[in-house]
Amino acid sequence: CAAVMTIILLALTLRAHGAPVKTGKQGMEGLIGRVTRNLDPMGQVQVRGEIWRALSEDQSTLLENSRVVVVKSEGLTLIVKEVEPESTEV
């Protein structure tokens, strides 16, 4: 019985080590957010329900309600770029 429990715990530990990061700086990269205060090039975005200071990656102006993706974070500032609108062509 103890051997089975040890094997199960070992398997769960190994699985956890291989899982992608979901918290911290690395966990923010790739997330989609929405501009809540124009980025010119600094402003605010909402990501996962949280408001963050954000900087446009290419120093461009992004208007309120634009969709953005987090490229990286520097301290408490997210570096973002606009999400390309999906094509509506058939």
Side-chain angles (χ1 to χ4, degrees):
C1 184
V4 172
M5 286 299 290
T6 302
I7 291 171
I8 291 172
L9 289 174
L10 181 60
L12 290 174
T13 301
L14 292 174
R15 185 183 305 167
H17 282 284
V21 176
K22 294 184 181 178
T23 61
K25 286 180 166 184
Q26 298 85 1
M28 297 296 290
E29 294 172 9
L31 292 178
I32 302 294
R34 182 179 57 83
V35 176
T36 58
R37 186 173 293 159
N38 292 349
L39 273 64
D40 189 22
M42 184 73 76
Q44 289 182 339
V45 297
Q46 182 177 19
V47 178
R48 289 193 307 201
E50 302 170 340
I51 301 295
W52 290 84
R53 181 175 50 214
L55 177 65
S56 173
E57 179 184 42
D58 60 1
Q59 305 297 309
S60 65
T61 299
L62 299 176
L63 300 177
E64 192 172 322
N65 291 318
S66 298
R67 289 184 47 179
V68 294
V69 61
V70 178
V71 176
K72 64 181 177 176
S73 62
E74 294 179 354
L76 295 176
T77 301
L78 301 180
I79 310 302
V80 299
K81 67 179 181 180
E82 188 168 22
V83 172
E84 297 298 323
E86 296 177 14
S87 175
T88 56
E89 294 180 26
V90 181

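The hydrophobic clustering, which links ILVMFWY residues whose side-chain heavy atoms are closer than 4.5 Å, places Leu39 and Leu31 together.
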Might you work through the side chain to side chain contact (heavy atoms under 4.5 Å, CB included) test for Arg53 and Leu76, ending with a clear yes or no? CA-CA 7 Å; Arg53 181 175 50 214; Leu76 295 176; 4.2 Å; yes
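Taking both residues in full, the closest heavy atoms of Met42 and Thr77 are given as SD-CG2, 4.3 Å, listed atom of the first, atom of the second, then distance. Minimum interatomic distance between Trp52 and Val47 (heavy atoms only, all atoms of both residues): NE1-O, 4.1 Å. Closest of all the heavy-atom pairs between Val35 and Arg37 is CG1-O, 3.3 Å. Residues Thr13 and Leu9 approach most closely at OG1-O, 2.8 Å, considering heavy atoms.
Counting heavy-atom neighbours within 6.0 Å of Leu12 CG, excluding the residue itself, gives a total above 12.
Looking at Lys72 and Glu57, their side chains never come closer than 4.5 Å, going by heavy atoms from C-beta outward. Put simply, the side chain of Val45 does not reach to within 4.5 Å of the side chain of Val70, judged on heavy atoms.
Under the side-chain contact (heavy atoms from CB on, under 4.5 Å) criterion, Gln46 pairs with Arg34, Thr36, Ile51, sequence neighbours left out.
Tested against Arg67, the residues Val80, Val83, Leu62 include a single side chain to side chain contact (heavy atoms under 4.5 Å, CB included) partner, Val83. Residue Val69 forms a side chain to side chain contact (heavy atoms under 4.5 Å, CB included) with just one option from Glu29, Glu84, Lys81, and that option is Lys81.
In this structure a side-chain-to-backbone donor-acceptor pair under 3.5 Å is missing from Asp40 to Thr61.
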